[in-house]
Amino acid sequence: QVQLVESGGGLVQAGGSLRLSCAASGRTFSRYFLGWFRQAPGKDREFVAAIYWSTSRTTYDASVKGRFIIFRDNVKNTVYLQMNSLKFEDTAVYYCAASPRGLEVMDQDYWGQGTQVTVSS
């Protein structure tokens, strides 16, 4: 049974930092994209960042590029999202997801339960 378990969300002031974690289990993810998506109230779920497990190649949405960093720990089978210089508009529920196909929301085979990130202005 595949599980993606997120942690690390919380309340932070604008300009601050948070690190999200996604512990993956239940299968081999060597040919998968492990990604982060977010959904703000009243908005669609959107792509944030992803890493291709076997090569560690990363991709970012333009809105977070230069502020967020995605990386993985092979030993712990965990993907992290380091979020720096947080803005009020980064407030959302953040989801970890996995897909062998691509980075669209509809491409994802597995989802975590989500973790709330709230940035106060």
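Between Met83 and Val48 there is no side-chain heavy-atom pair separated by less than 4.5 Å. Using a 4.5 Å heavy-atom threshold, the side chains of Arg45 and Val93 count as separate. In this structure, the side chains of Asp90 and Phe68 come closer than 4.5 Å at one or more pairs of heavy atoms. Counting heavy atoms from C-beta on, the side chains of Arg31 and Pro100 never come closer than 4.5 Å. In this structure, Leu20 and Glu6 have side chains that are not in contact, with every pair of non-hydrogen atoms separated by 4.5 Å or more. Side-chain contact between Thr59 and Phe33: absent, with no pair of heavy atoms (C-beta onward) separated by less than 4.5 Å. Contact annotation: the side chain of Gln113 never approaches that of Tyr95 to less than 4.5 Å [non-hydrogen atoms, C-beta and beyond]. Side chains of Gln116 and Leu11 form no contact here, defined as non-hydrogen atoms less than 4.5 Å apart.
A donor-acceptor pair under 3.5 Å is absent between the side-chain atoms of Arg27 and the main chain of Val2, judged by distance alone. Proximity of a side-chain donor or acceptor of Arg67 to a complementary backbone N or O of Ser85 within less than 3.5 Å is detected. Counting only distance, with no hydrogens or angles, the side chain of Thr58 and the backbone of Ile51 share no donor-acceptor pair below 3.5 Å. In this structure, the side chain of Gln108 engages the main chain of Gly102 through a donor-acceptor pair within 3.5 Å. Between the Asn77 side chain and the Ala24 main chain, a donor and an acceptor come within less than 3.5 Å of each other.
With hydrophobic clusters built from ILVMFWY side chains whose heavy atoms lie under 4.5 angstrom apart, Leu18 shares a cluster with Phe71. Both Val117 and Leu4 are assigned to one and the same hydrophobic cluster, defined by single-linkage of ILVMFWY side chains at heavy-atom distances under 4.5 Å. Side-chain heavy atoms closer than 4.5 Å link hydrophobic residues (I, L, V, M, F, W, Y) into clusters, and following such links, even through other members, never connects Leu103 to Tyr60. Under the 4.5 Å side-chain contact rule for hydrophobic residues, Val12 and Tyr80 share a cluster.
Minimum interatomic distance between Ala40 and Ala92 (heavy atoms only, all atoms of both residues): N-CB, 3.8 Å. Shortest non-hydrogen contact noted between Ile70 and Leu81 is CB-CD1, 4.2 Å. Nearest heavy atom pair, residue Gln39 against residue Lys43, reads NE2-O, 3.1 Å.
Residues Ser56 and Arg72 have side chains that bring a donor and an acceptor to within less than 3.5 angstrom of each other.
The hydrophobic cluster around Val5 extends to none of the other residues, as no ILVMFWY side-chain heavy atom falls under 4.5 Å of it.
Looking at Trp36, Tyr94, Phe37 one by one, the single match for ring-ring contact (aromatic ring centres under 6.0 Å, His included) with Trp111 turns out to be Phe37.
Between Trp53 and Phe29, the ring-plane angle classifies as tilted under the 30° and 60° cut-offs.
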